[in-house]
Amino acid sequence: MSTKRTLVVGDIHSGLQALKQVLEKAAITEDDTIIFLGDYIDGWSEAVETVNCLIELKERYNCIYLRGNHDELCYEWLTGKADNPTWFMHGGEATSNSYGKASKETKDRHIKFYESLENYHLDAENRLFLHAGFTNLKGIEHEYFKKTFYWDRTLWELALSLNKELEDDHIHYPKRLKNYAEIYIGHTPVTRIGKTTPQNAANVWNIDTGAAFKGPLTVFNANTKEYWQSEPVYTFYPNETGRN
């Protein structure tokens, strides 16, 4: 029996202590493929330390890092674009403060990390992993606007609203969903629907369990559907508000 696992990590939002805890709980090995769904920063105070940890993890483990909208916003700020007041309101201020203590060498290394992020990952089993979603009925290769991969919320909304009795061969079944065996996303925390565990709707799995707010951080086994969770991330940062 193969011990190789495909592990999916939800949105971290600078919750480094929770990341360390949940990776230990999942007992990651060098045989695993670990897919991080993006939004590594913006929320808690350890933005720089979180990215440092991710860079170090890739030196030992088979890690795939996807691009989240917060990662792109931070990258734009680090590379000299104008301050984004909306970004500051949604976790960017904590990230800015964290980078304020970082060296130029660290910032340069992180810029390369953000530039290396992938918009999506499609594996050999036709399972799609991306931060947010896509809109083109023919699939990711036909998406007109690449930012959709890390900004879209309509894919999850579609999956949640779908009639559970509708068979996938029905003429009304969404063509978007039929392109892939399974789709794994983050971006829209399941705490918005009152949940703190990974949620499945149609063939879409949402692994963002609200780490930036009051929820835990989750590692999910895409093969077995087993998952591991940290303690609620806010408990690691008692003097901070995160994005609450």
(request) May I ask you to decide if H187's main-chain N or O and R153's side chain share a donor-acceptor pair within less than 3.5 Å? (result) yes
(message) Under a 3.5 Å threshold, yes or no: a donor from one side chain and an acceptor from the other, between E46 and Y237?
(response) yes
(message) Between R67 (side chain only) and L117 (backbone N and O only), is there a donor and an acceptor less than 3.5 Å apart?
(response) yes
(message) Once you measure the plane-to-plane angle for H70 and H13, does it fall in the parallel (<30°), tilted (30-60°) or perpendicular (>60°) bin?
(response) perpendicular
(request) Give a yes-or-no answer on whether the side chains of T106 and S103 include a donor-acceptor pair shorter than 3.5 Å. (result) yes
(message) Go through it in stages, so that I can follow the logic: the residues are S96 and F88, the test is side chain to side chain contact (heavy atoms under 4.5 Å, CB included), and I'd like the CA-CA distance, side-chain angles, deciding distance and then a yes or no.
(response) CA-CA 8 Å; S96 174; F88 266 56; 3.9 Å; yes
(message) So, using ring-ring contact (aromatic ring centres under 6.0 Å, His included) as the criterion, who are the partners of F236 when residues are at least two apart?
(response) none
(message) Tell me whether D123 is salt-bridged to R127, with the criterion being a basic N under 4.0 Å from an acidic carboxylate O.
(response) yes
(message) What I'd like to find out is whether the side chain of Y75 reaches to under 4.5 Å of the side chain of L78, using heavy atoms alone.
(response) no
(request) Examine the side chains of Q199 and T197 and answer whether a donor and an acceptor come within less than 3.5 Å of each other. (result) yes
(message) Would the distance check show the side chain of D32 and the main-chain N or O of I34 forming a donor-acceptor pair, the cut-off being under 3.5 Å?
(response) no
(request) Report the distance from atom OG1 of T241 to atom CZ of F213, rounding to the nearest 0.5 Å. (result) 11.0 Å
(request) I would like to know whether T218 and T209 meet side-chain hydrogen bond (donor to acceptor under 3.5 Å, both in side chains); could you show each step before the answer? (result) CA-CA 7 Å; T218 298; T209 49; 2.8 Å; yes
(message) Out of the candidates D42, T50, L37, V22, only one should pair with I12 under the side chain to side chain contact (heavy atoms under 4.5 Å, CB included) rule; please name it.
(response) T50
(request) Classify the ring geometry between H110 and Y99 as parallel (under 30°), tilted (30 to 60°) or perpendicular (over 60°). (result) perpendicular
(request) Answer yes if the side chains of T224 and N221 hold a donor-acceptor pair under 3.5 Å, and no otherwise. (result) yes
(request) Ignoring hydrogens and angles, state whether a donor on the side chain of H131 or D39 is under 3.5 Å from an acceptor on the partner side chain. (result) yes
What side-chain donor-acceptor pairs closer than 3.5 Å can you find for residues 167-177, not counting sequence neighbours?
unit_1 : atom_1 : unit_2 : atom_2 : d
H170   : ND1    : H172   : N      : 2.9
R176   : NH1    : F134   : O      : 2.6
R176   : NH1    : T154   : OG1    : 3.2

(request) Assess the side chains of Y184 and E182: does a donor N or O sit below 3.5 Å from an acceptor N or O? (result) yes
(message) Is the ring pair H121/F129 parallel, tilted or perpendicular, if the boundaries are 30 and 60 degrees?
(response) tilted
(request) Using a strict cut-off of less than 4.0 Å between a Lys/Arg side-chain nitrogen and an Asp/Glu carboxylate oxygen, indicate whether R60 and E30 qualify as a salt bridge. (result) yes
(message) Check this for me: does any side-chain nitrogen of one of K104 and D108 sit under 4.0 Å from a carboxylate oxygen of the other?
(response) yes
(request) Look up atom CZ in F36 and atom CG in L19, then write down how far apart they are to the nearest 0.5 Å. (result) 6.0 Å
(request) Taking N203 for its side chain and Y180 for its backbone only, find out whether a donor-acceptor pair lies under 3.5 Å. (result) yes
